Participant: 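Sending over a structure as structure tokens; questions will come in a sec.
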Amino acid sequence: QEYLAAIAAQNPAINGYITLDAEKTLAEARAADERIAQGRGGALTGVPVAYKDIFCQTGWRSACGSKMLDNFVAPYTATVVQNLLDAGMVTLGRTNMDEFAMGSTNESSFYGATKNPWHTEHVPGGSSGGSAAVVAARLAPAALGSDTGGSIRQPAAHCGITGIKPTYGIVSRFGMVAYASSFDQAGPMAQTAEDCAILLNAMAGFDERDSTSLEREKEDYTRDLNQPLKGLRVGLPKEYFTASNSPDVQAALENAKTLLQQQGAELVEVSLPQTELSIPAYYVLASAEASTNLSRYDGVRYGHRAAQFADLDEMYSRTRAEGFGSEVKRRIMIGTYVLSHGYYDAYYLKAQKLRRLVANDFQVAFAQCDLILAPAAPTAAPKLGELNQDPVQAYLSDIYTIAVNLAGLPALSLPAGFAANGLPIGVQLIGNYFAEAKILGAAHQMQ
Ligand code: GLN
């Protein structure tokens with residue numbers, strides 16, 4: 001009730017939540033109370049959580065930020081959501097996002113932009129900007145996001161909170177609306193790395209309904225939280241520490257370096273030479289996968305359907321013309337083009353090869369270090385309208401996050417200082433496959 005009251009008072013100014021249902025929330029809360037009274041509660045029982053609009057949950061509208069799914073009430077529940085429900089967490093609502101998770105500012109949402117709670121003339125980042133904003137504004141103690149190309153880490157950084165994108169395959173994608181399936185991964189967003197570790201414990205696990213889910217033994221992601229950093233080798237990729245970052249971001253990176261050194265970590269220079277290839281590789285591959293994933297929105301099975309059409313072809317085209325926003329259409333066109341006969345080898349196949357090169361860079365670097373320190377974005381959160389003028393400019397701002405998705409690696413973003421204008425700045429810790437516990441431990445020590 002306390003959170004619902006705060007949301008009613010403060011959400012209109014930031015537009016972080018786009019779907020609320022107090023009755024459902026309070027029913028879940030009462031069930032949690034009962035469970036605690038019966039002595040069946042766990043650490044998360046009764047703790048409220050917000051879900052990015054990309055996660056399906058029975059009976060809740062899950063629109064993925066799109067007009068196409070504005071009328072879609074999910075008939076089933078995503079595995080991650082179910083896992084948190086099983087732990088007794090209480091659903092607060094669904095948070096705003098860029099349409100189909102395509103964007104870096106939240107401005108492509110059909111439901112209007114979310115505002116950064118630190119400064120409402122600025123964006124919260126994207127695409128999980130609603131989740132980041134509601135956690136930062138204390139309108140949820142935790143939220144789930146999804147990260148295809150930085151969408152957990154970049155908004156977490158812009159809103160001064162902590163978020164982790166796990167190794168590809170350890171969190172189920174079942175029930176999370178597909179954008180680019182070989183990249184998409186869900187993860188927790190919260191105030192601290194400790195909270196993220198507790199949430200990840202509840203979220204992760206094998207799921208036979210996700211064909212890329214990994215069968216691994218259950219891990220305790222909190223196990224390294226109190227591990228001292230002495231002797232930890234932290235790599236500084238020379239391609240990431242450049243003058244193209246804003247001075248505020250450079251200063252935050254220096255803060256993080258000092259903090260690590262003070263605690264006995266050893267800083268080593270490493271190189272990720274293929275860094276600049278990651279943007280063209282990502283935007284070819286993610287758009288290709290998006291164009292096939294989004295072909296299901298045809299007006300026949302579910303979602304929006306045009307009211308007027310002469311025949312079936314016109315029904316398809318009008319439905320899609322009306323239902324999708326301009327950024328989604330741009331991605332579908334790019335994706336269809338790079339997959340088409342005659343261009344497949346030149347673009348799609350080539351991009352797959354670049355993906356391998358980018359992934360190999362990290363393996364060379366991890367021979368020299370345990371974790372990598374990196375910026376989360378080249379600047380603090382831009383002003384509303386500043387980035388969405390020019391799509392290429394927006395794509396370029398993903399330079400520090402998307403290589404991790406190309407490689408399928410885990411990475412976390414944590415607060416590391418403030419810009420001159422008062423906006424928070426985050427930095428990333430990137431680990432090798434399955435190094436979540438190590439990343440979370442280092443982040444906890446830095447917090
Ligand atoms: N900026 C990236 C994109 O638009 C973010 C994607 C994501 O992580 N969902 O593709």
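None of these values were measured; they are calculated from a predicted model. Side chains included, hydrogens not; waters and symmetry mates left out as well; all remaining heavy atoms used. All ligand and atom numbering here is 1-based and tracks the order in the structure.
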Participant: What's the shortest distance from atom 7 (C) of ligand 1 to any protein heavy atom, and which residue and atom give it?
Facilitator: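 Looking at atom 7 (C) of ligand 1, the protein heavy atom closest to it is S151 OG, 2.4 Å.
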Participant: State the OG1-CG distance between T105 and L387, to the nearest 0.5 angstrom.
Facilitator: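 Between T105 OG1 and L387 CG, I get 6.5 Å after rounding to 0.5 Å.
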Participant: Tell me whether G126 has any N or O atom under 3.5 angstrom from an N or O of ligand 1.
Facilitator: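 No - when backbone and side-chain N and O of G126 are compared with those of ligand 1, no distance drops under 3.5 Å.
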Participant: Does a donor on one side chain and an acceptor on the other come within less than 3.5 Å for E289 and S182?
Facilitator: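 Short answer, yes.
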Participant: Side chains of Y111 and D53 only: does a donor on one sit below 3.5 Å from an acceptor on the other?
Facilitator: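 Result is no, nothing qualifies.
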Participant: Counting only heavy atoms closer than 4.0 Å, does ligand 1 sit against the backbone of R153, its side chain, both, or neither?
Facilitator: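 The answer is neither.
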Participant: Can Y395 and Y282 be said to form a ring-ring contact (aromatic ring centres under 6.0 Å, His included), step by step?
Facilitator: CA-CA 10 Å; Y395 300 169; Y282 170 84; 8.6 Å; no
Participant: Does A286 have a non-hydrogen atom less than 4.0 Å from ligand 1?
Facilitator: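 In this structure, A286 fails to qualify as a contact of ligand 1 - no heavy atom is under 4.0 Å.
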Participant: Output the list of atoms in ligand 1 that are nearer than 4.0 Å to some heavy atom of D147, sorted by atom number.
Facilitator: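 Matching atoms, with element in brackets: 8 (O).
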Participant: With heavy atoms under 4.0 Å as the rule, classify the contact between Y395 and ligand 1 as side chain, backbone, both or neither.
Facilitator: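 Within the 4.0 Å criterion, Y395 makes no contact with ligand 1.
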Participant: Under a heavy-atom criterion of less than 4.0 Å, does R331 contact ligand 1?
Facilitator: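 Yes, R331 has heavy atoms under 4.0 Å from ligand 1.
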Participant: What do we get for A101 next to ligand 1 when only non-hydrogen atoms under 4.0 Å count, side chain, backbone, both or neither?
Facilitator: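 The answer is both.
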Participant: Please indicate whether any nitrogen or oxygen in S104 is less than 3.5 Å from any nitrogen or oxygen in ligand 1.
Facilitator: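 The answer is yes, given that S104 and ligand 1 share an N or O pair closer than 3.5 Å.
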Participant: Checking the N or O distance criterion of under 3.5 Å, is ligand 1 in contact with M102?
Facilitator: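 M102 vs ligand 1: no N/O contact under 3.5 Å.
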Participant: Starting at CG of L285, measure out to CG of L349 and round the result to the nearest 0.5 Å.
Facilitator: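 Spacing of CG (L285) from CG (L349) equals 10.0 Å.
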Participant: Going by the order shown, which atoms of ligand 1 are within less than 4.0 Å of some heavy atom of G103?
Facilitator: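 So the atoms of ligand 1 that pass are 1 (N), 2 (C), 3 (C), 4 (O), 5 (C).
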Participant: So, regarding Y179 and ligand 1 (criterion: nitrogen or oxygen to nitrogen or oxygen, under 3.5 Å), is there a contact or not?
Facilitator: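 N/O-N/O distance below 3.5 Å exists for this pair.
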Participant: Would you kindly specify which portion of F183 sits under 4.0 Å from ligand 1, judged on non-hydrogen atoms: side chain, backbone, both or neither?
Facilitator: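 Neither part.
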Participant: Does the ring centre of Y433 sit less than 6.0 Å away from the ring centre of Y168?
Facilitator: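 For Y168 and Y433, the ring centres are not under 6.0 Å apart.
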Participant: Using a strict 4.0 Å cut-off to heavy atoms of G149, name the atoms of ligand 1 that fall inside it.
Facilitator: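 Ligand 1 atoms under the 4.0 Å threshold to G149: 5 (C), 6 (C), 7 (C), 8 (O).
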Participant: With heavy-atom distances below 4.0 Å as the criterion, list the atoms of ligand 1 near Y282.
Facilitator: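 Close to Y282: 2 (C), 3 (C), 6 (C), 10 (O).
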Participant: Within the 4.0 Å heavy-atom shell around S127, which atoms of ligand 1 are there?
Facilitator: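 Checking each atom against S127, I get 9 (N).
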Participant: Parallel under 30°, tilted from 30 to 60°, perpendicular over 60°: which one fits the rings of F100 and F324?
Facilitator: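 Judged by the thresholds at 30° and 60°, the geometry between F100 and F324 is perpendicular.
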Participant: Within the 3.5 Å criterion, strictly below it, is a donor on S128 or K52 matched to an acceptor on the partner's side chain?
Facilitator: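 There is such a pair between these side chains.
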Participant: Any idea which part of T148 is under 4.0 Å from ligand 1, heavy-atom wise: side chain, backbone, both or neither?
Facilitator: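 The answer is both.
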Participant: Ring centres of F418 and W118 under 6.0 Å apart?
Facilitator: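 Centroid distance F418-W118: below 6.0 Å, so yes.
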Participant: Does the gap between the ring centers of Y76 and F174 come in under 6.0 Å?
Facilitator: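 Yes: the rings meet the under 6.0 Å criterion.
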Participant: List ligand 1 atoms under 4.0 Å from D398, heavy atoms only on the residue side.
Facilitator: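 It comes down to these atoms of ligand 1: 1 (N), 2 (C).
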Participant: Nearest 0.5 Å, what's the CZ-CD distance between R153 and Q428?
Facilitator: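 So the gap between those two atoms works out to 5.0 Å.
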